[in-house]
Amino acid sequence: MLILLPPSEKKLQTDKPTPAINVYIGVLYQALDWATLSPAAKKRGEAAIAIISAKYGAIRPSHKIESYKAKIDNKAMREPIAALLDSIK
């Protein structure tokens, strides 16, 4: 299974690369409350969740990013998302 999470307009301002799951702080990310998940749940989430980032493409929760301001270009996202979906067995 693959869960695609959209990016969040709300982002934590970072001064160094930080796991993506901690940078995005919108409603979906608050509801997920990653910090409270068990290690086993985080491991499953790391394998099952892809975050769609306007700047970084399709990334996993632990992928380290810096905060940014950008809007998603749907055409530019097609190829990385298709590649990610193609990789799922």
Side-chain angles (χ1 to χ4, degrees):
M1 172 180 19
L2 177 67
I3 301 167
L4 298 174
L5 289 181
S8 172
E9 281 289 321
K10 295 183 179 181
K11 295 179 190 73
L12 180 70
Q13 293 302 307
T14 62
D15 58 356
K16 63 181 182 179
T18 303
I21 199 71
N22 297 329
V23 172
Y24 297 108
I25 55 175
V27 175
L28 289 174
Y29 296 87
Q30 290 174 28
L32 178 59
D33 201 5
W34 186 265
T36 66
L37 298 179
S38 70
K42 287 180 182 178
K43 184 176 179 180
R44 286 190 306 274
E46 186 66 30
I49 295 171
I51 298 169
I52 309 307
S53 166
K55 182 174 180 180
Y56 298 97
I59 56 177
R60 296 295 180 181
S62 64
H63 185 99
K64 291 189 177 186
I65 65 171
E66 295 180 8
S67 55
Y68 65 91
K69 289 193 181 259
K71 295 215 179 235
I72 287 186
D73 176 344
N74 290 332
K75 287 183 182 180
M77 283 293 119
R78 282 189 186 124
E79 189 174 316
I81 299 305
L84 180 66
L85 293 172
D86 286 343
S87 72
I88 298 172
K89 307 248 186 288

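Here, residue 1 is the first one in the sequence, and each next residue gets the next number. Small disclaimer: the values here were computed from a predicted structure and weren't measured.
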Colleague: Once you round to the nearest 0.5 Å, how far does CG of Asn22 lie from OG1 of Thr14?
Modeller: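 Rounded to the nearest 0.5 Å, the CG-OG1 separation comes to 10.5 Å.
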
Colleague: For Gly45 versus Pro61, what's the shortest heavy-atom pair and its separation?
Modeller: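 Shortest heavy-atom contact: O-CG, 4.1 Å.
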
Colleague: Could you tell me the separation between the NE2 atom of His63 and the OG1 atom of Thr18, rounded to the nearest 0.5 Å?
Modeller: 11.5 Å

Colleague: Count the heavy atoms of every other residue, nucleotide or ligand shown that sit under 6.0 Å from CD of Glu66, and state whether that count exceeds 12.
Modeller: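 Result for CD/Glu66: enclosed.
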
Colleague: Can you name the nearest heavy-atom pair linking Ala70 to Ala54, along with the distance?
Modeller: O-CB, 3.8 Å

Colleague: Report yes if the side chains of Ile51 and Tyr29 come closer than 4.5 Å at any heavy-atom pair, otherwise no.
Modeller: yes

Colleague: Please say yes or no: joined through hydrophobic side-chain contacts below 4.5 Å, possibly via intermediate residues, are Ile72 and Ile25 part of one cluster?
Modeller: no

Colleague: Using every non-hydrogen atom in the two residues, find where Pro19 and Lys64 come nearest and quote the distance to one decimal.
Modeller: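 It is N-CG, 4.0 Å.
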
Colleague: Is Glu9 close to Lys71 at the side-chain level, that is, under 4.5 Å between some pair of heavy atoms?
Modeller: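 Answer yes - side chains close enough.
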
Colleague: Could you report the tightest heavy-atom contact between Arg60 and Ala48, atom names first, then the distance?
Modeller: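 Reported closest heavy-atom pair: NH1-C, 3.9 Å.
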
Colleague: Quick one: are Trp34 and Ile49 in side-chain contact, heavy atoms under 4.5 Å?
Modeller: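 The answer is yes, as the side chains (C-beta and beyond) meet within the 4.5 Å cut-off.
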
Colleague: Of the non-hydrogen atoms in Ile59 and Ser53, which two are nearest, and what is the gap between them?
Modeller: CD1-CB, 4.1 Å

Colleague: A side-chain contact here means heavy atoms from C-beta on lying under 4.5 Å apart; do Lys11 and Tyr24 qualify?
Modeller: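 In short, these two side chains touch, coming nearer than 4.5 Å.
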
Colleague: Which distance, rounded to the nearest 0.5 Å, do you find between the CG of Asp33 and the CD1 of Ile21?
Modeller: 10.0 Å

Colleague: Under 4.5 Å between side-chain heavy atoms, hopping through other hydrophobics if needed: is there a path connecting Tyr56 to Leu12?
Modeller: no

Colleague: Rounded to the nearest 0.5 Å, what's the gap from OG on Ser62 to NZ on Lys43? Could you check?
Modeller: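 Those atoms lie 13.0 Å apart.
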
Colleague: Would you say that more than 12 heavy atoms from the other residues, nucleotides or ligands in this model lie under 6.0 Å from the CD of Glu79, or not?
Modeller: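 No, not enclosed.
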
Colleague: In the structure I gave you, are the side-chain heavy atoms of Met77 and Ile52 within less than 4.5 Å of one another anywhere?
Modeller: yes

